[in-house]
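Keep in mind that the numbers below use all heavy atoms, side chains included, and drop hydrogens, waters and symmetry copies. In the text below, chain A, chain B and the rest are named by the order of the sequence lines, each starting its count at 1. Given the structure is predicted, the values throughout are model-derived calculations rather than measurements.
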Amino acid sequence: MTIRTRFAPSPTGFLHIGGARTAYFNALFAHRHGGQYLLRIEDTDKSRSTPEAVAQIIESLAWLGLSPDAPPVMQSTREARHAEVAHALLAAGKAYRAYETADELKAMREAAQAEGRPPHYNGYWRDRAPGPAEAEKPFAIRIKARREGSTVVNDLVQGRVEVRNAELDDMIILRSDGTPTYLHAVVVDDHDMEITHVIRGDDHLTNTFRQCMVFDAMGWARPEFAHVPLIHGADGAKLSKRHGAVGVLEWRDQGVLPEAALNALLRLGWGHGDTEIITHAEAQNIFDIADVGRAASRMDYAKLNHINGVYLRAAEPARLAAMVAERLSPDAVGLARIEALMPAMQERAKSVLELAEGARFALGHGAPPADEKARAMLTEEAQGRLARLAQALGGAEWTKPALEACLKTFAEAEGVKLGAVAQPLRAALTGSLQSPPIDAVLAALGREEALFRIAAAS
RNA sequence: GGCCCGUUCGUCUAUCGGUUAGGACACGGCUCUUUCACAGCUGAAAGGCGGGUUCGAUUCCCGCACGGGUCACCA
């Protein structure tokens, strides 16, 4: 049997990192076992679903490299099938028509809660045939839940979980307007799509038992379930917008590399000995859903930055230069400088955003306005030294090693430490006291521009 | 409130009855150094509480506390 998993978000907002991790686990598990990883957009709630959200989810997954192995299934296109199954259950006597209105049900729930009873449906129509009074009334279809015994799920992550059937009530599977409810649609789709393993957030764990009612009533084999714990914010509460960057696309905009994002997400709730840096390819070989922990974990942005730095250092300079160029829109000369600088810059950045900010000085003619510290560095003494340095540089071969050698000899000749030369030079060239190594800056800027900037500062 | 799940350094985690409880990030110190980083060394830092079971519990069981999830004609 082919292993088949699916990621099934509802398009009511952007894809957040919790969903992204769930998608990653699904992809990893399926591919690890030579199976297929699918995407189903759960858009049966027309009032909350938007095409923009659908597009954003697909874009987010594509950015992460988690595009599904087949075109996404839109749940809304399958409503006729959902209704068909509901009516089959009705015909088989495993479901029944219920005639209460939504308002009546709400009142019923409130009354039950006021009396301290669980807010379950009372089963009024379960064994009652509709009379003439109901002939014209709209009805919902409810499934007949078992009332005796209990339901057991052997969850791949949570282990054996048992719930007494008395805790469940006769849930609605088809609304009075003929549309399916989520709990029903999910089961029908998972069955029809031949999903073998349902990997999702553990906020669905208790739903699982209701879904089992549909699987069982239809005589369908239940898939394996794996409920992975949720990701929480730094304060331990469920992730929400107030926790900062929780959208996948926000990470991208803040300069996170997709491969770093996957690594960070993977290490939340799952570990493999002492290994911290695990690429997608490596994860493919060692990931096991059964090793996922049961406790919720908190998003650690400091660690994400660190991981991002690791991947940044390993990335192709040309790729990084292109990403920076996208943010800075340089001209041809500027682009060439960024490319020349990149190997030195990627050693010290934690994000593409930092890379772009750090590369700004290289653009255009003349250095950007010096900041306070840089101005303080350009004392009269330093300016004099820069002027002499310009002379020395004038005859130098314009390559990084030659420039470095030139600076060292110059410093020696001046009888000062290299820092006394490099720092004023850095100030003159970049307008700041923080930059890539100064020989790299010199080389990237080119002779003409470098000498121009030195002259302007001395 | 009922039901379900969880609880190892600040954070992410390793440990699958016997360890000086390991690693990573963050934090302090040192080294390297042309700034910033990187790297290396080093320091501080953990099994919620109470009972069992056992020669021995972080590990198994029970209770409590705390945290989370879920109880819709939402998904």
Pick base, sugar-phosphate or nothing for [X], based on heavy-atom distances below 4.0 Å to the nucleic acid.
X	answer
Asp43(A)	nothing
Leu268(A)	sugar-phosphate
Pro9(A)	nothing
Leu105(A)	base
Asp169(A)	nothing
Glu162(A)	sugar-phosphate
Thr101(A)	base
Arg298(A)	sugar-phosphate
Ser297(A)	sugar-phosphate

Nucleotides 64-69 of chain B: which of its N/O atoms have a protein N/O under 3.5 Å away?
none

Determine whether a donor-acceptor pair (one donor, one acceptor, N or O, separation below 3.5 Å) exists between the side chain of [X] and the base of [N].
X	N	answer
Glu276(A)	rG23(B)	yes
Asp300(A)	rA26(B)	no
Arg426(A)	rU34(B)	yes

Under a 3.5 Å limit for both distances, which nucleotide forms a Watson-Crick or G-U wobble pair with [N], could you say?
N	result
rU15(B)	none
rC27(B)	rG43(B)
rC66(B)	rG6(B)
rC60(B)	rG52(B)
rA21(B)	none

Could you give the distance separating [M] and [N] at their [atom1] atoms, to the nearest angstrom?
N	M	atom1	result
rC62(B)	rC12(B)	P	26 Å
rG48(B)	rC41(B)	P	31 Å
rA57(B)	rG50(B)	P	14 Å
rC61(B)	rC66(B)	P	22 Å
rG1(B)	rC16(B)	P	38 Å
rC27(B)	rA65(B)	P	38 Å
rA24(B)	rA46(B)	C1'	15 Å
rU7(B)	rC64(B)	C1'	13 Å

Check whether more than 12 heavy atoms from other residues, nucleotides or ligands sit under 6.0 Å from atom [atom1] of [X], and answer yes or no.
X	atom1	result
Arg388(A)	CZ	yes
Lys106(A)	NZ	no
Arg146(A)	CZ	no
Glu381(A)	CD	no

Nearest to the side chain of [X] - [options]?
X	options	answer
Ala295(A)	rU35(B), rG6(B), rA75(B)	rG6(B)
Pro437(A)	rU34(B), rU13(B), rC5(B)	rU34(B)
Pro119(A)	rC73(B), rG1(B), rG22(B)	rG1(B)
Ala302(A)	rC73(B), rC25(B), rG2(B)	rC25(B)
Val163(A)	rC73(B), rC4(B), rC12(B)	rC4(B)
Arg267(A)	rC25(B), rC12(B), rC71(B)	rC12(B)

Please determine if a side-chain N or O atom of [X] lies less than 4.0 Å away from the OP1 or OP2 oxygen of [N].
X	N	value
Thr275(A)	rG23(B)	no
Thr181(A)	rA72(B)	no
Arg294(A)	rU13(B)	no

d([atom1], [X]; [atom2], [N]) in whole Å:
X	N	atom1	atom2	answer
Ile438(A)	rA37(B)	CD1	P	16 Å
Met171(A)	rC73(B)	CE	P	11 Å
Met299(A)	rU13(B)	CE	P	11 Å
Leu429(A)	rC36(B)	CG	C1'	16 Å
Leu304(A)	rA24(B)	CG	C1'	14 Å
Lys373(A)	rU34(B)	NZ	P	20 Å
Asn308(A)	rA37(B)	CG	P	17 Å
Asn305(A)	rC36(B)	CG	P	19 Å

- Using heavy atoms and a sub-4.0 Å distance, could you list which residues of residues 340-358 of chain A are near RNA chain B? By number, please. Glu347(A), Arg348(A), Lys350(A)

Which pair of heavy atoms, one from [X] and one from [Y], lies closest together, and at what distance?
X	Y	value
Tyr182(A)	Asn207(A)	CE2-ND2, 4.5 Å
Ser435(A)	Arg426(A)	OG-NH1, 2.8 Å
Val157(A)	Val292(A)	CG1-O, 3.8 Å

- Item | Residue mapping more 5' on RNA chain B - nearest nucleotide basis, Ala102(A) or His272(A) | His272(A)

- Given RNA chain B, 5'-ward residue of the pair Arg21(A) and Phe209(A), judged by closest heavy atom: Phe209(A)

- Gap separating the OG atom of Ser432(A) from the NZ atom of Lys373(A), nearest 0.5 angstrom: 9.5 Å

- Atom pair CG (Asp189(A)) and CD1 (Ile195(A)), whose distance is rounded to the nearest 0.5 Å: 9.0 Å

- Message: Between Arg375(A) (side chain only) and Ala370(A) (backbone N and O only), is there a donor and an acceptor less than 3.5 Å apart?
- Response: yes

- Task: Could you tell me which residues satisfy salt bridge (Lys or Arg N to Asp or Glu O under 4.0 Å) with Lys417(A), sequence neighbours excluded, listed by chain and number?
- Result: none

- Message: Can you tell me how the ring of Phe287(A) sits relative to the ring of Phe25(A), calling it parallel under 30°, perpendicular over 60° and tilted otherwise?
- Response: parallel

- Cationic N near anionic O, under 4.0 Å, Arg222(A) to Asp216(A): yes

- Less than 4.5 Å apart, any side-chain heavy atom of Ile338(A) and any of Leu355(A)? no

